[in-house]
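What follows is a single structure, written as structure tokens, with notes after it.
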Amino acid sequence: MLHHVRPSPGWLARKLDDVRETFVCLGLALRDAAHPKLAFLSLGTGLLASLFWLAVLVIWWQPIWLGAQVVATAIAAGIVFTLMPAAPAVGGSVAAMGNIASAYAPWLLAIQFGPIFTVFVLVGGYLLLVMLSVRILLELMLMTRIQTRVLRRYPGVERGADASFRAGLRDWLGTTSTFVFGGLLCLIVPVLGGALFFVLASYLNVRSLINDALEDVASDAERRQVIKANRLRMALLGVLMSALMLVPVVGFFMPVLLGAAVVHLSVRAHLRLKAGEAG
């Protein structure tokens, strides 16, 4: 007796399904981020990090400003040296003086535009420190509350799964080494290096929250399965979150939005794997 075998979906269909699932998780996370308690936590976290680094900036203003000037001058000089062609070596005292002037011109331009670059370095550094602080607070303090809220939408999820500290440490070391060495490799690549680093950082921003999202829900082996089967979805979600961070109003709710989206993505993937094993 012949059995009709259902053909597996093609490559394009699977990728389109990855995109659809990513947007579904983002939509569910937007709904959770609008919850008053979670929204208050998100705003409070951002405000706390902003005020802390503002206080640091005010208290140590002078050394921070001097350090920013050094960094800004180096950046400006690097840009000017890259854009300005080198002066040709020509004999004669007048030509030699022209060569000396050409040699010092990049530094003079760098000093002239230094204050503008200094402001950019200060603002960029401040925003980066605020985002990193919010990200750390999200992982250490907020993910448990976000997971509890999101799991109410999945009553079929079984709790009590075991996960070892050793596996968590190994996972953290792997993620950190991927960011360091993978980031260096991306930056070596000409032209596309910056874009590759952006995608890698966005992916790891989601990837590093998977263990917290599946805490008490999935075992170590099940977490590895979820990660292996959803790398593209994690990268897409990370890129979307990085883009939404630039939206002024949405950016205030980014901690909860990111956490909820990762929980939805992880739990839905875990349930699909469970259903596949049962089938």
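To the nearest 0.5 angstrom, L151 atom CG is 9.0 Å from H264 atom NE2. Atoms CG and CG, from L54 and L47 in turn, are 10.5 Å apart once rounded to the nearest 0.5 Å. Interatomic distance, L30 CG to F23 CZ, rounded to the nearest 0.5 Å: 11.0 Å.
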Working for ring pair (Phe, Tyr, Trp, His ring centres under 6.0 Å), residues F179 and F197: CA-CA 9 Å; F179 176 75; F197 179 78; 5.8 Å; yes
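The only member of R153, R152, R149 that meets side-chain hydrogen bond (donor to acceptor under 3.5 Å, both in side chains) when paired with D32 is R153.
The same ILVMFWY cluster, assembled from side-chain heavy atoms under 4.5 Å apart, contains both V262 and L240.
For Y203 (side chain) and L232 (main-chain N/O), no donor-acceptor pair under 3.5 Å exists by modelled atom type.
The two residues M234 and R207 have their closest heavy-atom pair at SD-CA, 4.0 Å.
More than 12 heavy atoms of other residues, nucleotides or ligands lie within 6.0 Å of CH2 in W61, so this atom counts as buried by the packing criterion.
A salt bridge does not link R14 to D17: none of the charged side-chain nitrogens sits closer than 4.0 Å to a carboxylate oxygen. A salt bridge is absent between D171 and R223; no separation between the charged side-chain nitrogens and carboxylate oxygens falls under 4.0 Å. Contact check on R231 versus D18 returns no salt bridge, with no Lys/Arg side-chain nitrogen under 4.0 Å from an Asp/Glu carboxylate oxygen.
Side-chain polar atoms of S208 and R135 form a donor-acceptor pair below 3.5 angstrom.
In the hydrophobic clustering (ILVMFWY side chains linked at under 4.5 Å, chained through shared members), L66 stands by itself.
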